[in-house]
Amino acid sequence: MIQLENIGFGYDKKKVKNPSNKSFGLFNDLSLTLEPGHIYGLLGKNGAGKTTLLKIMTGLLFPNAGKATILSENASLRKAEALQNLYFLQEEMYVPHLTISNFEKAYAPFYPEFSHEQFEYFLNEFEMAGMPNYMDKLSHGQKKKALIAFALATNTQILIMDEPTNGLDIPSKSVFRRVMASSVDDRRLVIISTHQVRDLHSLIDVVTILDAGHILLNASTFDITQKLLFDVDDSRTTEGAVFYTEETPRGNYQVKENVNGLDSNLDLELLFNAAMMKKNEIANLFK
Amino acid sequence: MNIKNIKNLFNAYFIENWKTDLFQFGILAAIVLFGTLTSNSGGTYSNIPVAISSIMLMIYPDRLFRNLHSSSPKIHYLSIPASNGEKVLVNMLLANIYMVAVVVLACVVGYGLAHLYWIMRGFDVAFHHGPHIYPSGVLFIYTMLSVFFFGSIYFRKRTPLSTFGVGLLIGVIFSVLFSLVLFVNGMMLVPKGAAFHDYVWSLDYSVDISERVEETLLYVLMGVMIVYFYALSFLRLRETEA
């Protein structure tokens, strides 16, 4: 559904324009395939290029090398047929000077699968129904809730969200998880780029970690818990290489190789820290 | 080109902008009304409303593409499910037909109200003394509109001023280059012993073509410019990144 082939990209124009230079700066020879029926969690440090990667996927930035394909179309062409099946919820949202109801009247017709009933339902869930205010006068969190409701109601095959829980209050975060879980099916691909891993822990079923212009890890949560054990104070086993340890008042949290095939609950924050600490080991484990 | 996408783009435009357009219509009608009333009564028209109408038309593309001038609105605009060609076409129609109609209608309303006022005051006003419209003038306005349309996609800040500034600069550079070419040619052709200045002024630069051909050539040139700048606008939008 989304395919990135040997992507090279950089913001430094001097590097990009030099044909002898094989390093583009941000991404060098990055390849990634994303399939429908999954919620991908795109994780990475600040400046790792998560938003840039999302923009390349959606045709908002053009790669300097390689090709980005979305729904079998070249993403850079931004064809209407592809855009009708794609919704990108950006972190720094823009909303026009319209009420929610007029926003729907203006932009819903562009999405053939848009459902007014679903939109009303999601707005209701976020306690935003019947809000008469202009969207640009709403608070950051309210704008986000209105746009999340709209994004979900478009029923596009691809839904990309950049930091969707930033600015949401605590009850809204749980509503977000609930409505997301209810609106994902086998034909839909969702990509969520986030730092707020604890907010989305229960939603994500494929973890993609971006680091230094490369995909460090792209694995399902099932595969991760098959290969890694999330343990406290060696309580389950002392076997297996320890990739990461974090001291807490409740004991030492560990990420280690799951040599005995034990079950454990995936902790995205520990996984991310382990991947940052032992890049090669983690990458090799999932090759 | 998909008719449904074009219809959706118009729909979104009018939902978002009808109030602003109505406001501008009112402002222009008021300017024309007061401009006409304060000029010599009895049907002599002030040029100020015509100048303001022209300026309104030239700055309108900046409004159409204002979303391209900052980061988040740009993502919003580029992500709207319509092709780049459809987006340029819709904005072209809005600038060349819709806004021209709004401006003309505002002028008609302004002049009409002014006449009504004069008639009520007992002046004998001849309605046919409206501002003269020349085909070349109309074509010139449309040519300038295409230039400002391109400028509103190409530049990021103060697009009408930037377009005007760059256009002026290009005009000056071409004039200087043209003068230089004439000067150098003139220098080379000056017969020995003749004074350069007298010789250059004695040359006949006029080309013997009829006025009709000259006018046609001017129309063709402006037509080519219009096509060129809209094509360039499409290419520029296609290359725009967020």
Side-chain angles (χ1 to χ4, degrees), chain A residues 9 11 51-52 54-64 70-71 73-99 101-114 134-136 143 147 150-151 154 156 158 160 162, chain B residues 1-24 62-94 98 153 156 233-242:
Chain A
F9 183 84
Y11 287 104
T51 302
T52 303
L54 297 183
K55 285 183 178 175
I56 289 172
M57 285 177 189
T58 48
L60 294 166
L61 283 176
F62 307 150
N64 304 123
I70 187 159
L71 296 160
E73 300 277 6
N74 182 349
S76 305
L77 296 177
R78 292 196 291 259
K79 285 198 174 176
E81 297 76 18
L83 294 175
Q84 280 172 351
N85 278 303
L86 161 75
Y87 195 93
F88 177 40
L89 180 70
Q90 44 174 330
E91 186 185 5
E92 295 299 324
M93 301 157 296
Y94 164 76
V95 285
H97 181 64
L98 290 173
T99 60
S101 136
N102 277 340
F103 181 81
E104 184 193 0
K105 281 181 198 157
Y107 292 102
F110 286 104
Y111 300 94
E113 303 288 319
F114 186 88
Y134 283 97
M135 288 173 82
D136 54 343
K143 280 182 201 168
L147 286 186
F150 185 84
T154 56
T156 50
I158 299 170
I160 299 177
D162 195 2
Chain B
M1 290 280 170
N2 182 320
I3 296 292
K4 204 173 170 212
N5 292 341
I6 291 170
K7 183 184 146 272
N8 289 338
L9 285 169
F10 276 121
N11 175 57
Y13 172 82
F14 287 115
I15 290 175
E16 266 187 67
N17 294 284
W18 71 271
K19 281 181 192 166
T20 315
D21 291 353
L22 194 64
F23 178 73
Q24 288 200 352
D62 176 64
R63 256 182 67 206
L64 289 173
F65 288 108
R66 66 172 179 262
N67 282 344
L68 292 180
H69 305 151
S70 44
S71 175
S72 298
K74 191 193 270 188
I75 292 175
H76 163 79
Y77 184 72
L78 296 178
S79 305
I80 292 174
S83 68
N84 296 312
E86 287 158 356
K87 286 172 187 171
V88 167
L89 177 71
V90 165
N91 283 355
M92 211 174 94
L93 293 173
L94 284 168
Y98 166 71
I153 299 179
R156 285 193 70 173
S233 301
F234 165 71
L235 294 174
R236 181 66 189 174
L237 184 65
R238 204 178 63 170
E239 296 303 314
T240 300
E241 296 179 76

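Here is how names work: the chains are called A, B, and so on, in the same order as the sequence lines, proteins then strands, and each is numbered from 1.
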Can you tell which part of [X] gets under 4.5 Å to a heavy atom of chain B, answering side chain, backbone, both or neither?
| X | value |
| --- | --- |
| A/Leu77 | backbone |
| A/Phe62 | both |
| A/Tyr111 | side chain |
| A/Leu98 | side chain |
| A/Lys55 | side chain |
| A/Gln84 | both |

Under 4.5 Å from any heavy atom of chain A - which part of [X]:
| X | result |
| --- | --- |
| B/Glu86 | side chain |
| B/Asn5 | both |
| B/Asn2 | neither |
| B/Lys19 | side chain |

* I would like to know whether A/Phe150 and A/Tyr107 meet ring-ring contact (aromatic ring centres under 6.0 Å, His included); could you show each step before the answer? => CA-CA 9 Å; A/Phe150 185 84; A/Tyr107 292 102; 7.3 Å; no
* To do: Give the member of B/Ser72, B/Ala12, B/Ala82 that has the highest number of heavy-atom pairs under 4.5 Å with chain A.
  =>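 Sorted descending by pairs with chain A, the first entry is B/Ser72.
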* Select, from B/Gly85, B/Ser71, B/Ser79, B/Ser83, the one with the greatest count of heavy-atom pairs under 4.5 Å involving chain A. => B/Ser79
* Taking atom OH of A/Tyr94 as the centre, does the number of heavy atoms from other residues, nucleotides or ligands within less than 6.0 Å exceed 12? -> yes
* **Most chain B-contacting option - heavy-atom pairs closer than 4.5 Å, from A/Ala106, A/Ala82, A/Ser76** => A/Ala106
